[in-house]
2 protein chains.
Amino acid sequence: MENGAGHPEGLLLDAPSVGAPAGRRPRADAARNRAQILAAARRLFAEKDPRAVTMGDIARAAGVGRATLYRRFPDTASVAVALLDEHERELQGAMMTGPPPLGPGAPPDERLAAFYAAMVDLLDRHLPLLLGAETGERRYTTGAYAFWRAHLRVLLREAGAHDPEALVEPLLAPLAPESFAHQRDRAGLPPARIAAALAWSARRLLGGQVR
Amino acid sequence: MENGAGHPEGLLLDAPSVGAPAGRRPRADAARNRAQILAAARRLFAEKDPRAVTMGDIARAAGVGRATLYRRFPDTASVAVALLDEHERELQGAMMTGPPPLGPGAPPDERLAAFYAAMVDLLDRHLPLLLGAETGERRYTTGAYAFWRAHLRVLLREAGAHDPEALVEPLLAPLAPESFAHQRDRAGLPPARIAAALAWSARRLLGGQVR
DNA sequence: GGATATGTGGACACCATGTCCACTTGGATG
DNA sequence: CATCCAAGTGGACATGGTGTCCACATATCC
């Protein structure tokens, strides 16, 4: 951990996945149901508009009652968050302790570009889940988002940007699932081109010299 | 109109406001009701969470039946769009024919900064309406959005950016109402600071020289 | 094997949506 | 001024999702 300036450590999601009470070992049937719920939800989110999936849909597809579902997840977004958890944790690990340029050691503009590339990849592979998870302002209150924000703040400061605090949001905004969905699916831009454009702007914004 | 390369003219909203049939002069009571609906809606959007305003709310506050409301507006977002119409048209005019740097004549980085400033101002003054109007993917299908996009595309091309088509979205994303709402209301950043950060990035991205 | 906390699923009340239809009213026409 | 009809109106309705409650079942502990 070579970043003395306070790397965002405690912000990594360390809670044992949403919907899985930490108290003691869960009952066998409860665990089985939880697995069924997640499997069914993953299927549903993929096959129809993720924002149109209802609690009833998930319960029916999982073969459980609605109240059973409500016991663990307050809404469909929470289910999607639980499904994303693993993937986001992985990325967070790579950002904190993985090899450069995603991990520490590379100049900030290259790290930003690598972060963009990794996020585009995440978006490309799990877009339905991300759309299901980040409806409206929920995006800003999730644990993962706080982590991305802290990461960018560090990079911005390192690069001597004008006002790191105010620049974090604008740099993160292009990664909003809705925005990515629009670019890839409606405008037809291939993810690689999106990532390239973001890399270009990362270098312009944080690079020491132009060109 | 000194921009030979095809300035986005036809994209200006020229339809006579949403919900106002163009056919012939509307009946007196219909016009009165329409005015009441818009006035009531403006009030409602301002005083509670704009995304929680329902068609029933608007109808009740306007003193008309729900079906009367549905006759003109298919949903609450359309009402918000009608209320925004005038303001957005104004801004579009200033961008196309107004004085620089917002209007034509200034270098692209300055025009982008001015555009950001104008949009932040619009967001600051009409955030509730914008939040009510741009729920989910609707943001991308509105006429105004197509206009902003076309404008940026011109600026990006003029500045010789790497891939204008793919850069448009990332540059527009920070202006998403949800993003602005988060910065101003949850993070507590004053609009001026948001605008300054955007201006800084505009110059870094499209400016000829750093600093 | 019995006690108990935990998990389960159907039922219920509530609210918003979008449509339908019988009634009313503005305003053009003779 | 009386008449007519198309446009406008508002209440009622069916539908579907949400979140909660409660009687019952079933794992786990003793």
Side-chain angles (χ1 to χ4, degrees), chain A residues 16-41 44-45 48-82 131-133 135-138, chain B residues 16-41 44-45 48-82 131-133 135-138:
Chain A
S17 287
V18 189
R24 26 160 96 229
R25 180 155 53 88
R27 259 169 57 166
D29 54 348
R32 180 169 33 82
N33 276 346
R34 185 181 139 84
Q36 285 175 6
I37 287 171
L38 290 179
L44 283 178
F45 280 126
K48 51 184 292 192
D49 177 4
R51 281 160 299 195
V53 173
T54 79
M55 291 296 266
D57 289 341
I58 298 177
R60 197 171 332 111
V64 304
R66 278 168 21 83
T68 302
L69 178 55
Y70 270 107
R71 166 167 288 264
R72 294 189 178 64
F73 303 100
D75 46 41
T76 58
S78 302
V79 182
V81 166
L131 282 174
T135 185
E137 69 179 282
R138 195 181 189 99
Chain B
S17 288
V18 190
R24 25 159 95 229
R25 181 155 52 88
R27 258 169 58 165
D29 53 349
R32 179 168 33 84
N33 277 345
R34 186 181 138 83
Q36 284 175 5
I37 287 171
L38 290 178
L44 282 178
F45 281 125
K48 51 185 288 194
D49 177 4
R51 281 161 299 196
V53 172
T54 82
M55 291 295 267
D57 290 341
I58 298 177
R60 195 167 340 107
V64 304
R66 280 167 22 81
T68 301
L69 178 54
Y70 270 107
R71 165 168 290 264
R72 293 189 177 64
F73 303 100
D75 47 40
T76 57
S78 304
V79 183
V81 167
L131 281 174
T135 183
E137 68 180 281
R138 194 181 189 99

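This structure is a prediction, so every number in the text was calculated from the model and none was measured. Letters A, B, ... mirror the listed sequences (proteins, then strands); counts begin at 1.
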For this session: Figure out the CZ/P separation between A/R34 and C/dT6, and round it to whole Å.
Result: 18 Å

For this session: Using a 4.5 Å cut-off on heavy atoms from C-beta on, say whether the side chain of B/D75 contacts that of B/R138.
Result: yes

Exercise. How many Å lie between CD1 on A/I37 and C1' on C/dG7, as a whole number?
Worked result: 11 Å

Exercise. Does a nitrogen or oxygen in the side chain of B/R60 sit under 4.0 Å from OP1 or OP2 of D/dG11?
Worked result: no

Exercise. Of all heavy-atom pairs between B/T76 and B/T54, which one has the smallest distance, and what is that distance?
Worked result: CG2-C, 3.8 Å

Exercise. Which atom pair, heavy atoms only, marks the closest approach of A/A133 to A/A77?
Worked result: O-CB, 3.7 Å

For this session: Specify the separation, in whole Å, of atom NZ of A/K48 and atom C1' of D/dG17.
Result: 12 Å

Exercise. So, do A/R72 and A/L69 sit near enough that their side-chain heavy atoms are less than 4.5 Å apart?
Worked result: no

Exercise. Does B/R71 make a side-chain N or O approach to OP1 or OP2 of C/dC21 shorter than 4.0 Å?
Worked result: no

Seminar exercise, completed: For B/A82 and B/L38, the nearest pair of non-hydrogen atoms, with its separation, is CB-CD2, 4.2 Å

Exercise. According to a strict under-4.0 Å criterion, is A/T68 in side-chain N/O contact with OP1 or OP2 of C/dG7?
Worked result: no

For this session: Write down the distance between CZ (B/R32) and P (C/dG26), rounded to a whole number of angstrom.
Result: 8 Å

For this session: Using atom CD1 of B/I58 as one end and atom C1' of C/dT17 as the other, report the distance to the nearest whole Å.
Result: 13 Å

Problem set entry | Within-4.5 Å side-chain heavy-atom neighbours: A/I37 and A/F73 | yes

Exercise. B/N33 side chain N/O closer than 4.0 Å to the phosphate oxygens (OP1, OP2) of D/dG8?
Worked result: no

Protein N or O to nucleotides 18-25 of chain D N or O, pairs below 3.5 Å:
residue	atom	partner	partner atom	Å
D/dT18	OP2	A/M55	N	3.2
D/dG19	OP2	A/Y70	OH	3.3
D/dG19	N7	A/R66	NH2	2.6
D/dG19	O6	A/R66	NH2	2.6

